[in-house]
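Some notes on the structure that comes next.
Side chains included, hydrogens not; waters and symmetry mates left out as well; all remaining heavy atoms used. Each chain gets a letter, A, B and so on, in the order its sequence line appears, and its residues count up from 1.
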2 protein chains.
Amino acid sequence: MARTKEFNEDQALDKAIEIFWHKGYNGTSAQDLVNHLGLSRSSLYDTFGDKQKLFVKSLKRYQKQNLDSLKELFENSENIKTALTEIFKQAVVESLQDRITKGCFMVNSSVELAMHDPEIAKIVHDNQKTVEDIFSQAIKKGQELGQISDKQEARSLARFIFNNYSGIRVLARAGERDKQVYDDILKSIFALF
Amino acid sequence: MARTKEFNEDQALDKAIEIFWHKGYNGTSAQDLVNHLGLSRSSLYDTFGDKQKLFVKSLKRYQKQNLDSLKELFENSENIKTALTEIFKQAVVESLQDRITKGCFMVNSSVELAMHDPEIAKIVHDNQKTVEDIFSQAIKKGQELGQISDKQEARSLARFIFNNYSGIRVLARAGERDKQVYDDILKSIFALF
DNA sequence: AAAAATACGGAACAATCGTTCCTGAATTGG
DNA sequence: CCAATTCAGGAACGATTGTTCCGTATTTTT
């Protein structure tokens, strides 16, 4: 009947994630998208509707990727405390190694858009809730196994962890490249466990 | 010789802070500025040069205001630990009461612009360093007075505090209105002291 | 081979962007 | 009063914004 799509929609989305992540929503022009996705204007609009829809789709894909890998990490780890430190160490490594530090796409979007776009606000809020749940559940398990101090409630600790993760991603986005700064923060965080 | 300025430049800058804080740099148009500052296009450009210069001037003013009040707070407080909790409680109150939560102008700007505007990057970095110094000095004093545990180095704690402050401001910007979330985070933070 | 669907490049759209300039009125000090 | 300066308002600038549409080539299935 018809010609098949020549480009992979998910691959195009990954490209969109890259540029939106790097430049933000308002900072990314339609021309930027055409250049970076390698699609024609027409294909781009035919496939994704408009810029806002493409952005939402990109952000959702980014979210899914990250939540999946987060869940997987906890499922495959014996020790919860080590898993938590791994997450932060990984964030630090990314922050230091990336030539252009992009921070976290979700954090960036939440700062730039959550106030003005209810659809983005919902995604951000859902994400926060889900991450919180994942952390909370893992910490509770860690406490039962005696790997994590149970002086504090699991949910409280989960929110605390989330907060510091956001902070570190902002630090990275701001261009901090001094490893000692990150290590100092991590030291304090894990003094609590 | 000449007619005197009818508007107060600092008051105009405060207006500029408001709208840039609310809408971000890219989200604020020249027309927005004209409307919100109450100046004509010509006066605006005659006085401040262009949009970027106005933004930089606004951000610097915001920075000075905040650093001044931070220093003042520590100078006028007997107990450092209470002063620190006051800072966070104040941030939470602002986050909850503001009908439109704007987060922190410095954090917002750092996420939106630090990567792409070296001048902003410098301001953000200077600010981070200065806040860190203020915190660090205060904490050291608190440790000497026996008000704060000296299990951790002062600078390390200062960076940790800064990180959580950023995180909370992001949370506010994202629209979080559940007081319990903030309180949980604060509980964990001050379990360290 | 015919028909259907999709790709592409590029022209074109109106709208908005940041910025400049002009005009005329207002206010000041000499 | 005069000269100097600043004000407001708005017209106008070229550039860029996001978006639509057209013509044509390509590929697929019937």
Counting only distance, no hydrogens or angles, is the base of dG9(D) paired donor-acceptor with the side chain of Ser42(B) under 3.5 Å? yes

Heavy-atom neighbours of Gln180(B) CD exceed 12 at 6.0 Å: yes

For Phe190(A) together with Phe88(A), are the ring centres under 6.0 Å from each other? yes

I want to know whether Phe48(B) and Phe55(B) have ring centres closer than 6.0 Å. no

Starting at [atom1] of [X] and ending at [atom2] of [N], how long is that distance when rounded to a whole Å?
{"X": "Asn8(B)", "N": "dT6(D)", "atom1": "CG", "atom2": "C1'", "value": "15 Å"}
{"X": "Lys51(B)", "N": "dT19(C)", "atom1": "NZ", "atom2": "P", "value": "8 Å"}
{"X": "Leu44(B)", "N": "dG10(D)", "atom1": "CG", "atom2": "P", "value": "16 Å"}
{"X": "Arg41(B)", "N": "dT23(C)", "atom1": "CZ", "atom2": "P", "value": "19 Å"}
{"X": "Asp46(A)", "N": "dG10(C)", "atom1": "CG", "atom2": "C1'", "value": "15 Å"}
{"X": "Glu9(B)", "N": "dT6(D)", "atom1": "CD", "atom2": "P", "value": "12 Å"}

Among residues 14-35 of chain A, which residues get a heavy atom nearer than 4.0 Å to DNA chain C? none

Of all of residues 52-62 of chain B, which get a heavy atom below 4.0 angstrom from DNA chain C, listed by number? none

Kindly list each side-chain donor-acceptor pair under 3.5 angstrom involving residues 135-142 of chain A, sequence neighbours excluded, with atom names and distances?
none

Any side-chain N or O of Ser40(B) under 4.0 Å from OP1/OP2 of dC7(D)? no

Short side-chain N/O contact from Tyr45(B) to OP1 or OP2 of dT19(C), under 4.0 Å: yes

Checking the side chain of Asn108(A) only, and the main-chain atoms of Gly103(A) only, is there a donor and an acceptor separated by less than 3.5 Å? no

Closest nucleotide among dT20(C), dC8(C), dT19(D) to the Ser43(A) side chain: dC8(C)

Salt bridge between Lys57(A) and Glu9(A), side-chain N to carboxylate O under 4.0 Å? yes

Check this for me: does any side-chain nitrogen of one of Arg169(B) and Glu94(B) sit under 4.0 Å from a carboxylate oxygen of the other? yes

Look at the aromatic rings of Tyr25(A) and Phe20(A) and report parallel, tilted or perpendicular, splitting at 30° and 60°. parallel

Passes salt bridge (Lys or Arg N to Asp or Glu O under 4.0 Å), Lys187(B) versus Asp183(B)? Steps please. CA-CA 6 Å; Lys187(B) 201 202 306 172; Asp183(B) 285 345; over 6 Å; no

